[in-house]
Amino acid sequence: MSLARVLADLNPQQRKAVQHGEEPLLIVAGAGTGKTATLVHRVAWLIANGVPPGHILLLTFTRRAAAEMVRRAGAVLRRVADKGESVPMPGSSRVWGGTFHAIATRLLRRYGKAVGLNPRFTIHDRSDSEDLMNVLRSELGLAKTKIRFPQKATCMDIYSRCVNGREKLEDVVCAHFSWCKGRVDELKELFDAYVARKEAQNALDYDDLLVFWHALLTHPQVGPKVRSLFHCVLVDEYQDTNALQAEIIYALCPDGRGLTVVGDDAQSIYSFRGATVRNILDFPKHYPNTTVATLEQNYRSTQPILRAANAVIGLASQRYIKHLWSEHQTGQVPRLVTCEDEDDQAQFVANQVLEHREEGILLRRQAVLFRTAHHSMVLEAELAQRNIPFHKYGGLKFVETAHVKDLLAVLRLAENPRDEVAGTRLLLLLPGIGPVRARQLLRLLAEAGGDFQAWYQWRPPEACESLWPKLIQLLQGLATARQELPAQVHQVRLFYTPLLELHYDNPSPRARDLEQLEEIAARYGDRPSMLAEIALDPPSSTQDLAGPPQRDDDYLVLSTIHSAKGLEWDVVYVIHAADGCIPSDMATESPDQIEEELRLFYVALTRAKSCLYVCHPLRFFRGSSKFTDAHGLSQLTRFLPKGVQAEFRRVTWAGPDDDLQGGEYREAMALSSQRVRDQIRSRWS
DNA sequence: CTGTTGAAATTTTTT
DNA sequence: ATTTCAACAG
């Protein structure tokens with residue numbers, strides 16, 4: 001009975017969820033309640049009870065989460081096996097783990113023909129999709145209408161919401177993009193062109209991956225076959241799935257047998273991407289014999305931190321049924337730190353981080369969280385100056401930098417000569433080739449059925465006379481490639497380096513990035529999977545690419561709150577807790593948006609295990625220009641009203657120049673500067 | 001047609 | 001500060 005002994009580590013609610021039978025199961029798991037452990041044990045339990053691993057589908061929010069869970073489930077099974085129980089663990093069949101998009105890619109490569117796909121499709125990431133949208137926008141003459149037409153990014157947002165939310169264009173525009181109401185007809189035209197052009201290019205965007213997966217499942221012949229691949233389907237972070245994803249799940253398990261979903265309605269933070277909390281709330285209605293298991297015992301945070309987090313989520317107008325509690329009764333009360341300005345805030349964080357490290361808390365057990373990527377810029381400078389190593393998650397990704405995209409464009413065009421986005425990007429790099437010639441050349445290539453030989457017919461302008469044949473040879477070599485990936489990247493690099501120097505002011509760090517890319521290319525199996533993996537799960541930095549961080553490598557974590565989802569640290573600093581930052585100015589139009597920002601703040605607070613600092617700089621710069629000295633006073637975030645503040649201890653950061661404290665922060669015994677300002681403001685407000 | 005220059009607008013979160 | 005757009009020279 002060693003499996004039972006392994007399960008004895010879990011609490012009764014968790015155990016009940018793990019050992020639940022075949023009927024549909026909804027696990028409502030509050031922050032830090034051992035959700036991952038429960039899911040991991042359930043996977044292990046299913047396998048131990050005879051479900052072949054290869055028939056289990058585990059859908060997660062990130063690739064990292066999937067890999068982690070599959071690894072841990074394996075570890076649980078090994079523990080069981082060590083104690084003498086025989087466990088079926090056929091090496092040949094592995095759990096299907098990954099994001100919706102990654103799983104869709106795998107299935108479509110194998111079965112996509114049934115829904116009219118060429119299995120060698122390439123994947124357009126967000127910016128590729130925007131590029132294509134932009135091209136069509138100008139082709140259709142929408143770029144210079146009298147009243148400015150929505151930006152490419154906005155067009156993409158609208159399109160994506162229609163597809164993912166399965167909503168009518170009119171409704172989407174009215175609800176979320178009301179300033180585009182007059183443009184519905186033009187948008188329709190644009191989207192028609194967009195769909196057609198993608199098809200012609202044999203390229204899929206993120207949304208297509210889901211749409212075609214769904215189509216595959218509802219296909220009369222192939223659908224049942226694909227469905228029968230999986231006996232059990234487990235979905236993590238269900239509160240952040242969208243309507244289309246819910247339909248995919250429904251198509252996979254129409255009667256809910258073998259279906260487990262896990263989520264927390266209080267942590268839904270992706271509605272801007274079309275996610276809807278209705279999926280989790282209505283789950284029991286869609287699957288009538290659902291069992292709901294609620295996990296409320298929190299193993300992560302101390303009670304004082306939970307009290308603060310509970311108080312914050314208590315401000316929500318929607319009711320959340322859970323009330324988290326913890327056995328760690330004692331602990332430091334969360335600090336609400338008032339700082340003079342952003343520089344002070346950075347100094348406070350840097351000092352405090354070092355102090356905690358003195359106490360023995362490694363840098364990587366501490367994290368700084370913020371609403372938007374650029375909120376950490378001043379802090380990054382401060383950390384760099386003090387030689388404190390850090391690693392930033394979220395924000396601009398390594399593969400989103402221009403030079404990496406350039407290099408990948410060459411590989412992508414070789415892989416799929418119809419990929420116009422990649423082709424245009426590459427051709428525009430050559431001197432003497434602009435948008436018009438690029439389009440001609442791509443048409444020529446398409447007419448030749450993708451044979452790069454056809455480009456020899458073209459007479460290049462002087463500026464690229466010598467480069468032109470080199471490019472053709474490169475592409476022909478890559479198209480017929482039997483070479484290893486690093487060798488392919490190396491060839492592209494040889495061709496591209498002179499162009500890099502031509503196009504960018506400071507080429508050497510960029511050149512180094514590309515050398516790194518060449519080194520790690522060996523980690524990917526083949527070219528199609530490399531391109532797909534990079535599009536679906538962009539590594540955030542070259543460090544990230546270099547593989548799992550070294551054991552003795554210690555660095556502070558900086559992360560957007562969104563990217564911090566599901567993670568935890570001993571010490572958490574939430575910076576820029578000012579109205580306008582949290583909630584973001586961009587997201588205060590509707591009550592729903594504000595409520596999502598509240599949940600976002602709640603997610604940030606619940607990442608902390610033992611120490612929590614919320615920082616509020618009083619002065620901040622509006623806009624990032626140094627010439628426009630437009631800094632103003634900021635208000636504390638509206639999510640910390642008086643009543644909630646009672647769960648915090650207010651302190652003021654004095655700054656290193658303060659003679660009294662010499663860099664220590666001190667308790668705000670007397671009036672903090674915030675309160676002085678409050679007094680002043682009370683004269684008119 | 002391309003590539004450069006200067007002026008004007010814009011500024012979240014991400015598979 | 002960065003990105004996008006329009007105008008002009010080669």
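So that the names make sense, note that chain A is the first sequence line, chain B the second, and so on, each numbered from 1.
With centres under 5.5 Å and a plane angle under 30°, the ring of F272(A) is stacked against the base of dT13(B).
The nearest heavy atom of DNA chain B to L210(A) and to T154(A) marks one nucleotide each, and the one closer to the 5' end goes with T154(A).
Evaluation of the salt bridge (Lys or Arg N to Asp or Glu O under 4.0 Å) test over residues 241-252 of chain A, restricted to residues two or more places apart or in two chains, returns R166(A)-E247(A). Applying the salt bridge (Lys or Arg N to Asp or Glu O under 4.0 Å) test to pairs two or more places apart or on separate chains, those with a residue in residues 150-163 of chain A are R126(A)-D157(A).
Checking the phosphate oxygens (OP1, OP2) of dT15(B), no side-chain nitrogen or oxygen of T62(A) falls inside 4.0 Å. Phosphate proximity of dT12(B) to T560(A): absent, as no side-chain N or O sits under 4.0 Å from OP1 or OP2.
For T372(A), whose side chain is taken as the heavy atoms from C-beta onward, the closest listed nucleotide among dT13(B), dC5(C), dT15(B) is dT13(B). Closest contact between the side chain of M586(A) and the listed nucleotides dT13(B), dT12(B), dT15(B) involves dT12(B).
Residues Q201(A) and E199(A) have side chains that never bring a donor and an acceptor to within less than 3.5 angstrom of each other.
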Contact list (N/O, under 3.5 angstrom) for nucleotides 2-4 of chain B vs protein:
| from | atom 1 | to | atom 2 | distance (Å) |
| --- | --- | --- | --- | --- |
| dT2(B) | OP1 | G434(A) | N | 2.9 |
| dT2(B) | OP1 | G434(A) | O | 3.3 |
| dT2(B) | OP1 | R437(A) | N | 2.9 |
| dT2(B) | OP2 | V436(A) | N | 3.3 |
| dT2(B) | O5' | G434(A) | N | 3.1 |
| dG3(B) | OP1 | G432(A) | N | 2.3 |
| dG3(B) | OP2 | I433(A) | O | 3.3 |

Anything under 3.5 Å between a protein N or O and an N or O of nucleotides 7-9 of chain B, put it in a table, one pair a line.
none

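Between M156(A) atom CE and dT14(B) atom P there is a gap of 16 Å when expressed in whole angstrom units. In this structure, R439(A) places its CZ atom 12 Å from C1' of dC1(B), rounding to the nearest Å. If you measure from atom CD of E462(A) to atom P of dG10(C), you get 17 Å, rounded to the nearest angstrom. When rounded to the nearest whole Å, the span between CZ of R161(A) and C1' of dT13(B) equals 13 Å. Taking atom CG of residue D157(A) and atom C1' of nucleotide dT11(B), one finds them 14 Å apart after rounding to whole Å. Look at CZ on R273(A): it is 13 Å from P on dT13(B), rounded to the nearest Å. Protein atom OH of Y504(A) is 11 Å distant from nucleotide atom P of dT3(C), rounded to whole Å. If you take CZ of R459(A) and C1' of dC1(B), they are 17 Å apart, rounded to a whole angstrom.
Using cut-offs of 30° and 60° for the angle between ring planes, the W468(A) and W455(A) rings count as tilted. Taking the six-membered ring for Trp and thresholds of 30 and 60 degrees, F61(A) and Y270(A) have ring planes inclined between 30 and 60 degrees apart.
Here R137(A) lies in heavy-atom contact (under 4.0 Å) with sugar-phosphate atoms only. K152(A) comes within 4.0 angstrom of the backbone, heavy atoms only, and of no base. Contacts of Y270(A) with the nucleic acid, taken as non-hydrogen atoms under 4.0 Å apart, involve only primed sugar atoms and P, OP1 or OP2.
Side-chain atoms of R599(A) never come within 3.5 Å of backbone atoms of A266(A) as a donor-acceptor pair (strictly under, hydrogens ignored).
The two residues A243(A) and T276(A) come nearest to each other via the heavy atoms N-CG2, 4.0 Å.
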Report, one line per pair, each donor and acceptor closer than 3.5 Å where one atom sits in a side chain of residues 433-442 of chain A; sequence neighbours left out.
| from | atom 1 | to | atom 2 | distance (Å) |
| --- | --- | --- | --- | --- |
| R437(A) | NH1 | G432(A) | O | 2.6 |

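For the C1' atoms, the distance linking dT12(B) with dC5(C) amounts to 24 Å, nearest Å.
When each of R197(A), R412(A), R425(A) is checked for a salt bridge (charged side-chain N to carboxylate O under 4.0 Å, His left out) with D128(A), only R412(A) meets the rule.
Taking the charged nitrogens against the carboxylate oxygens, D207(A) and K198(A) have no contact shorter than 4.0 Å, which rules out a salt bridge. Using a 4.0 Å cut-off between a side-chain N of Lys or Arg and a carboxylate O of Asp or Glu, R607(A) and E568(A) do not qualify as a salt bridge.
Geometrically, R106(A) engages W96(A) in a cation-pi contact, judged by NZ or CZ lying under 6.0 Å from the ring centre and within 45° of the ring axis.
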Requested in this report: Show your working on salt bridge (charged side-chain N to carboxylate O under 4.0 Å, His left out) between R137(A) and E130(A) and close with a plain yes or no.
Outcome: CA-CA 10 Å; R137(A) 212 176 69 127; E130(A) 284 178 8; over 6 Å; no
Query - Watson-Crick or G-U pairs under 3.5 Å in DNA chain B, rendered as dot-bracket with [ ] for crossing pairs and | for another strand - result: ||||||||||.....
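Side-chain atoms of R126(A) stay outside donor-acceptor range of the base of dT14(B), with no qualifying N/O pair under 3.5 Å.
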